[in-house]
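Working notes, beginning with the structure itself.
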Amino acid sequence: MRYSQLMLPTLKEDPAEAEVISHKLMFRAGMIRKLAAGIYSYLPLGLRVIRKVEEIVREEMNRAGAQEVLLPCVQPAELWMETHRWEEYGKDLLRFKDRHSRDCCFGPTHEEVITDIARREIRSYRQMPLNLYQIQTKFRDEIRPRFGLMRGREFIMKDAYSFDTDEAGLEKSYHKMYEAYERIFKRCGLTFTAVEAETGLIGGSASHEFMVMAETGEEIIVSCQSCDYTANVQKAEAKRTRLRARGSGKTLKPLKKMETPDMKTVEAVTQFLKVRPQNLVKTLIFETDQGVVATLIRGDHEINESKLEKLLGCGEVKLASDDVVYGATGAPKGFAGPIGLSVKTIADYSVESMVDFVTGANEEDAHYINVNLDRDVKVDQFADLRMIKEGDRCPRCGKSLSFSRGIEVGHIFKLGTKYSKTLKATYLDENGREREIVMGCYGIGVGRTAAAAIEQYHDEDGIIWPMPIAPFQVIVVPVNNKSEPLMETAEGIYRLLSGSGVEVLLDERDSTPGVKFKDADLIGIPLRITVGEKNLKRGLVEIRRRKNGETIVIGKEKTTETVLALINEEMEASLRV
RNA sequence: CGGGGAGUAGCGCAGUCUGGUUAGCGCGCUUGCUUCGGGAGCAAGAGGUCGGGAGUUCAAAUCUCCUCUCCCCGACCA
């Protein structure tokens, strides 16, 4: 490709609207342009990268035995009503009516559609295992789209769905996808990790997220320093502290009510009473679809709402409003306590071993001290309810945990029979018995993967593409357009490389070398061949690696073989690790 | 949906508080000459319904009201 014929509008300045580095650089490198909030156009350079990622995904999915399909993005409401997600999915689901006033939606994901195909086509156990995937534009009307392609409303996603006869089959399919995902992100040249994750709205029993490690990641990853436990912070289990014999050998102090005027926060109360937050038990009231629930947790810990939801087996829990808190405790927010509460009370494991602690008194401007379980407080259930935090120990081996940030680029789920049950997707087994198909689903954010690569690989001059997903592998820069020998040599190199199957961009624009170098760095082409006067007089050209600035000068006739070797080297480097 | 901020030339911004010539600056763009190894110089140009609507006024980018859009911080998303 010739630069002058390529639509590649690079910008010197960061766009005002961009906040994160990948968004700024994609914009400046002329890869994307915004149409509306969370909705982007891909310009030629951006699309080239997207296609590269897609191709890697496609190859690995095919290798893993999945078959490509393409499902509709406009979907009838009826199908979503069958799984009840028409009601459950909420505002993220973009809904509209067609000319006949039929309710439709733009697919945010395709479990319904694919399961509909499965229930029509799969009749026998002989037709499984089966894995179907597609690469397609999704739309999720996010509350707050941001960070360019990182969290758009419209985005390109690879979604795959596996169909098996039983759990054991699903286990195998899941594992195959897990391995395919590892290969995909490795081939993209990314540093990533797979973590245990929550299943969320998609549903199902188990799930892993594939995280690209990056400072700017929105996800917090917890991983053990010594064993292989790794999890999303939302999912991470807290280690249950050893249950000290409560009050044994030690006399419990008598319960006492204290005046705490206007002390509504843990900080205020603990400072006022001169105790540590670890000696206070917070009582948080939640509204759930099973009624009001009180949770007890140590003062320095936070409730993990998804754990609570899972424990209760309910849809969504939310911190109770002032009115509800008043109704349940008889006191305004900030003075709730477990003593004498009539609502269901669940305590975090961290509370189990506490003695003589502080709680609210369910009375304005008052707290109790020397509160004790059993004697003063009735707890219905103990459970792991808290958000894991820095300093916590590994729930598996007890060693220390480290916290890091990541970008979620892939997510795989064991769905089980959630969708086959509601949509009645069944087959006949060897014994002629009708059984539900066991499913898994597997997603990759294609645009987000490209963005994540930028987050991971960039410097102050711009993007540093890993070779496998670079929009071009090589850029040829003649330093002076007025010099015929330079231009001829550059043209010759360009033609030879193109002929050898190298993806090469020839910057034959009539601009100064500085401009060309800056643009080449900005758009992140891995190899740059500079054809300059001094070198050329001796029959030499220069090859420079974007990633480390390493420069080699070689005889111009050796260009093609050298470039091919360098490309090979970098392609393979991404596969190792 | 709360809370904060912003819409002025393709991009980045000043001007708005305190209304008053022809609305400026940098980058980019066009033409010519010179230049050519890290965003070149000189000269001449083109380009603006000041987000939209209504109002106040002799006069509105500037004041008032309404509205649209975008960005940032907040309740799990590839």
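Here is how names work: the chains are called A, B, and so on, in the same order as the sequence lines, proteins then strands, and each is numbered from 1.
Counting non-hydrogen atoms under 4.0 angstrom, A:Glu218 reaches nothing in the nucleic acid. Counting non-hydrogen atoms under 4.0 angstrom, A:Val409 reaches the backbone sugars and phosphates but no base. Contact annotation for A:Gly152: base contact, defined as any heavy-atom pair under 4.0 Å involving a base atom. Within the nucleic acid shown, A:Thr530 comes within 4.0 Å of at least one base atom, counting heavy atoms only. Base contact: A:Asp521 has a heavy atom under 4.0 Å from a base atom. As judged by a 4.0 angstrom heavy-atom cut-off over every strand, A:Arg528 is placed among the base-contacting residues. Heavy atoms of A:Gly410 sit under 4.0 angstrom from primed sugar atoms or phosphate atoms, though from no base atom. Nucleic acid contact class of A:Asp159 (heavy atoms, under 4.0 Å, all strands): none. Among the heavy atoms of the strands lying under 4.0 Å from A:Gly514 are primed sugar atoms or P, OP1, OP2 only; no base atom is included. A:Glu219 comes within 4.0 angstrom of a nucleotide base, judged by non-hydrogen atoms across all strands. Residue contacts for A:Asn535: at a heavy-atom cut-off of 4.0 Å it reaches a base atom on one of the strands shown.
Regarding contacts with the backbone of B:A40, a side-chain N or O of A:Thr512 is found under 4.0 angstrom from either OP1 or OP2.
Pairing for B:U22 is absent, with no Watson-Crick or G-U wobble pair whose two atom distances lie under 3.5 Å. Using the Watson-Crick or G-U wobble rule with both distances under 3.5 Å, B:A46 pairs with nothing in any strand shown. Here B:U16 sits opposite no nucleotide as a Watson-Crick or G-U wobble pair (both hydrogen-bonding atom distances under 3.5 Å). Base pairing of B:A6 is made with B:U69, judged by Watson-Crick or G-U wobble geometry with both donor-acceptor distances under 3.5 Å. Across all strands shown, nothing is found opposite B:U35 as a Watson-Crick or G-U wobble partner with both distances under 3.5 Å. A 3.5 Å limit on both hydrogen-bonding distances identifies B:C1 as the Watson-Crick or G-U partner of B:G74. Remark: B:U64 base-pairs with B:A54; criterion is Watson-Crick or G-U wobble with both hydrogen-bond distances under 3.5 Å.
When atom types are taken as modelled, the side chain of A:Tyr3 and the backbone of A:Lys516 share no donor-acceptor pair closer than 3.5 angstrom.
B:C63 and B:G24 are spaced 22 Å apart, taking the C1' atom of each and rounding to whole Å. Nucleotides B:C25 and B:C66 place their P atoms 36 Å apart, quoted to the nearest Å. Straight-line distance between the C1' atoms of B:U30 and B:C13: roughly 23 Å, to the nearest whole Å. Across B:G48 and B:A9, the matching P atoms stand 10 Å from one another, rounded to whole Å. For the C1' atoms, the distance from B:U16 to B:A6 is 14 Å, rounded to whole Å. Look at the P atom in both B:G41 and B:U64: the space between them is 43 Å, to the nearest Å. Taking atom P in both B:U49 and B:U35, the straight-line distance is 40 Å, to the nearest Å. Comparing B:U18 with B:U62, their P atoms sit 14 Å apart, to the nearest whole Å.
Side-chain atoms of A:Asn480 lie closest to B:C36 of the nucleotides B:C76, B:A78, B:C36. When each of B:G37, B:C36, B:C11 is scored by its nearest atom to the side-chain atoms of A:Lys482, the top-ranked nucleotide is B:C36. In this structure, the nucleotide among B:A78, B:A40, B:G37 sitting nearest to the side chain of A:His411 is B:A78.
Straight-line distance from the CZ atom of A:Arg28 to the P atom of B:G39: 14 Å, rounded to whole Å. As a whole-Å value, the separation of A:Lys235 NZ from B:C76 P is 17 Å. Summarising the geometry, the separation between CD on A:Glu13 and C1' on B:C25 is reported as 12 Å, rounded to the nearest angstrom. Atom NZ of A:Lys12 and atom P of B:G39 are 9 Å apart (whole Å). Whole-Å rounding puts the A:Leu11 CG to B:G39 P distance at 18 Å. In this structure, A:Asn232 atom CG and B:C77 atom P are separated by 11 Å, rounded to whole Å. As a whole-Å value, the separation of A:Lys138 NZ from B:A78 P is 11 Å. Distance CD1 (A:Ile543) to C1' (B:G37): 17 Å, rounded to an integer number of Å.
Nearer to the 5' terminus of RNA chain B, by closest-nucleotide assignment, is the contact made by A:Asn481 (compared with the other of A:Asn481 and A:Leu522). Checking A:Pro15 against A:Gly532, the closest nucleotide of RNA chain B that is more toward the 5' end is the one next to A:Pro15.
A salt bridge does not link A:Glu19 to A:Arg146: none of the charged side-chain nitrogens sits closer than 4.0 Å to a carboxylate oxygen.
In A:Tyr178, the OH atom is crowded: over 12 heavy atoms of neighbouring residues, nucleotides or ligands sit closer than 6.0 Å. Other residues, nucleotides and ligands contribute more than 12 heavy atoms inside 6.0 Å of the CD atom of A:Glu87.
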- Which is it for A:Ser162 and A:Tyr442 under the side chain to side chain donor-acceptor pair (under 3.5 Å) test, yes or no, and what are the steps along the way? CA-CA 8 Å; A:Ser162 67; A:Tyr442 317 90; 2.7 Å; yes
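Between A:Phe192 and A:Phe210, the two ring planes are tilted [angle within 30° to 60°].
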- For nucleotides 68-74 of chain B, just jot down a letter per nucleotide in 5' to 3' order: B, S or -, based on protein non-hydrogen atoms under 4.0 Å. --SSBBB
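One N or O donor and one acceptor, one from the side chain of A:Glu542 and one from the base of B:G37, sit under 3.5 Å apart. Judged by distance alone, with hydrogens and angles left aside, A:Arg509 brings no side-chain donor or acceptor close enough to the base of B:G39 to form a pair under 3.5 Å. Side-chain atoms of A:Asp461 and base atoms of B:G38 include no donor and acceptor less than 3.5 Å apart.
A donor and an acceptor atom, one from each side chain of A:Arg546 and A:Tyr457, are nowhere located under 3.5 Å apart. Using modelled atom types and a 3.5 Å distance limit, the side chains of A:Gln134 and A:Asp159 yield a donor-acceptor pair.
Where stacking is scored as ring centres under 5.5 Å apart with planes under 30°, A:Phe155 registers as stacked on the base of B:A78.
Judged as a side-chain hydrogen bond (donor to acceptor under 3.5 Å, both in side chains), and not counting sequence neighbours, the contacts of A:Arg51 are A:Glu54.
Distance check, rounded to the nearest 0.5 Å: CD1 of A:Ile554 to OG1 of A:Thr562 gives 3.5 Å.
A:Lys91 approaches A:Asp141 most closely through the heavy-atom pair O-CB, 3.4 Å.
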